[in-house]
2 protein chains.
Amino acid sequence: MTDERGPVGDDDRRHLARAIALGRAGMEQREGGPFGAVVVVDDIVVAEGWNRVTSTLDPTAHAEVVALRRATARSGHFELPGATVYASGEPCPMCWAACRWARVARIVYANDRAMAADIGFDDQFLYDELDRPTRDHDVPLVHLPMEAGRELYEAWAADPSLTRY
Amino acid sequence: MTDERGPVGDDDRRHLARAIALGRAGMEQREGGPFGAVVVVDDIVVAEGWNRVTSTLDPTAHAEVVALRRATARSGHFELPGATVYASGEPCPMCWAACRWARVARIVYANDRAMAADIGFDDQFLYDELDRPTRDHDVPLVHLPMEAGRELYEAWAADPSLTRY
């Protein structure tokens with residue numbers, strides 16, 4: 001199952017073990033689900049996090065998002081080129097895309113989405129839903145074009161002084 | 001293009017126009033990209049947001065995530081059953097999954113992912129990447145199973161007193 005482009009070393013095992021330990025700590029402190037994450041740049045841990053959904057009432061407070069937000073705040077930039085994210089569980093589509101928006105270089109995880117499904121989490125379901133046509137989604141996704149929307153994007157394109165990301 | 005399960009009314013147009021106006025306000029205040037969002041429950045606006053990626057150095061601060069976090073904080077629960085999310089642009093995979101984790105009932109958007117691509121945003125690219133096998137991803141996603149990971153999920157499953165989500 002290992003990505004053939006991702007040779008795994010002792011540093012990877014150490015950081016991933018730390019992500020798992022963080023997931024356990026967060027769970028034992030009853031802050032959320034059993035998930036932890038570590039962001040590493042140049043073999044230095046720049047941020048750690050665990051799931052805080054139920055304790056902070058934030059459905060986006062997955063371990064990876066928590067760790068990425070801390071990492072970018074500390075680094076002083078909204079992107080983390082060269083970073084590796086270690087996650088106890090395979091990132092859900094939200095966390096995967098968060099990693100990609102942050103321009104990380106690599107993602108390493110231990111438990112896969114099937115294991116998450118076995119303990120009641122929807123990661124597998126969400127990936128399956130993304131594979132289905134929108135019209136078959138459980139939650140309707142309605143496209144309602146508006147001229148003001150087009151004008152908004154045109155205004156963005158017309159002002160190169162606005163910071164791109 | 002409209003989802004056939006999503007009859008569109010004047011309330012929808014009003015809330016979506018507001019989301020677009022918020023996107024413009026955030027852009028003009030140089031807080032981030034040209035994206036706004038509104039969360040509505042029972043035709044009441046419970047939270048608004050605009051993109052704050054570049055100003056808060058948070059790659060996850062997309063308009064929908066900002067609005068959802070505010071909505072759940074105010075509602076006192078990490079889920080928003082019955083809510084509709086109005087977004088100026090089609091949610092990226094991160095925002096789409098955030099909506100789904102929040103258990104919203106409906107998502108309405110104006111500009112589609114192709115329009116976002118036209119002004120330089122990666123939403124379309126990320127959806128395409130999700131359609132590709134992991135081994136073809138630009139960013140390696142490495143599966144490194146660890147026994148401690150399995151034990152962590154087993155500990156979660158064994159304690160029904162932990163809050164599920």
Side-chain angles (χ1 to χ4, degrees), chain A residues 1-6 8 12 16-17 20 23-24 27 34 53-54 57-60 65 68-69 72-73 77-78 88 92-94 97-98 100-102 104-112 115 119-120 126 130 134-135 139-146 148-149 152-153 156-157 163-165, chain B residues 1-6 8 12 16-17 20 23-24 27 34 53-54 57-60 65 68-69 72-73 77-78 88 92-94 97-98 100-102 104-112 115 119-120 126 130 134-135 139-146 148-149 152-153 156-157 163-165:
Chain A
M1 297 287 286
T2 299
D3 187 306
E4 60 265 41
R5 296 167 305 164
V8 166
D12 288 325
L16 191 56
I20 294 167
R24 184 173 281 271
M27 177 185 77
V53 167
T54 55
L57 308 181
D58 179 357
T60 73
V65 168
L68 285 169
R69 298 178 80 221
T72 53
H77 199 277
F78 50 84
S88 58
C92 79
M94 177 179 76
R100 299 302 299 263
W101 284 116
V104 309
R106 192 160 165 261
I107 304 166
V108 180
Y109 67 93
N111 297 340
D112 65 16
M115 293 172 68
I119 61 166
L126 292 178
L130 283 170
T134 301
R135 65 178 176 278
V139 170
L141 187 64
V142 181
H143 185 203
L144 174 54
M146 300 190 93
L152 174 57
Y153 281 11
W156 170 267
T163 305
R164 264 53 187 172
Y165 68 88
Chain B
M1 296 288 286
T2 300
D3 188 304
E4 60 265 41
R5 297 167 304 164
V8 165
D12 288 325
L16 190 56
I20 293 167
R24 185 173 279 272
M27 178 184 76
V53 167
T54 54
L57 308 182
D58 178 359
T60 74
V65 167
L68 286 168
R69 299 179 80 221
T72 52
H77 198 276
F78 50 83
S88 58
C92 79
M94 178 180 74
R100 299 301 301 262
W101 284 116
V104 308
R106 192 160 164 262
I107 304 166
V108 180
Y109 67 93
N111 297 340
D112 65 16
M115 292 172 67
I119 61 166
L126 293 177
L130 283 170
T134 300
R135 65 178 175 279
V139 170
L141 187 65
V142 181
H143 185 203
L144 173 54
M146 299 190 93
L152 173 58
Y153 281 10
W156 171 267
T163 305
R164 264 53 185 171
Y165 68 88

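Each chain gets a letter, A, B and so on, in the order the sequences are listed, and its residues count up from 1.
- By number of non-hydrogen pairs under 4.5 angstrom with chain B, the leading residue of A/A17, A/S88, A/A105, A/G23 is A/A105.
- For B/A98, the parts lying under 4.5 angstrom from a heavy atom of chain A are both the backbone and the side chain.
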Apply side-chain contact (heavy atoms from CB on, under 4.5 Å) to B/T60 and A/W101, showing your working. CA-CA 8 Å; B/T60 74; A/W101 284 116; over 6 Å; no
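- The most heavy-atom pairs under 4.5 Å with chain B, out of A/A73, A/A157, A/A148, A/G120, come from A/A148.
- Most heavy-atom pairs under 4.5 Å with chain A: of the set B/A97, B/P59, B/P34, this distinction falls to B/P34.
- Of all heavy-atom pairs spanning A/V142 and B/R106, the tightest one is CG2-NE, 4.1 Å.
- B/A110 and B/I20 make their closest contact through CB-CD1, 3.9 Å (heavy atoms, listed as atom of the first residue, atom of the second, distance).
- Both the backbone and the side chain of B/T54 come within contact range of chain A, with heavy atoms under 4.5 Å apart.
- Annotation for B/F78 and A/V53: closest pair CB-O, 3.8 Å, computed over non-hydrogen atoms.
- Highest contact tally toward chain B, considering only A/V104, A/D58, A/T163, is held by A/D58 [criterion: heavy-atom pairs under 4.5 Å].
- Between B/L16 and B/V108, the closest heavy-atom pair is CD1-O, 3.9 Å.
- Note on A/V65, A/L126, A/L68: by heavy-atom pairs under 4.5 Å with chain B, the leading option is A/L126.
- For B/H143 against A/Y109, the heavy-atom pair with the smallest separation is CD2-CE1, 3.2 Å.
- Both the backbone and the side chain of A/A102 come within less than 4.5 Å of a heavy atom in chain B.
- Heavy atoms only, all atoms of each residue included: A/H77 and B/L57 are closest at N-CD1, 4.1 Å.
- For the set B/M27, B/R100, B/M115, the count of heavy-atom pairs under 4.5 angstrom toward chain A peaks at B/R100.
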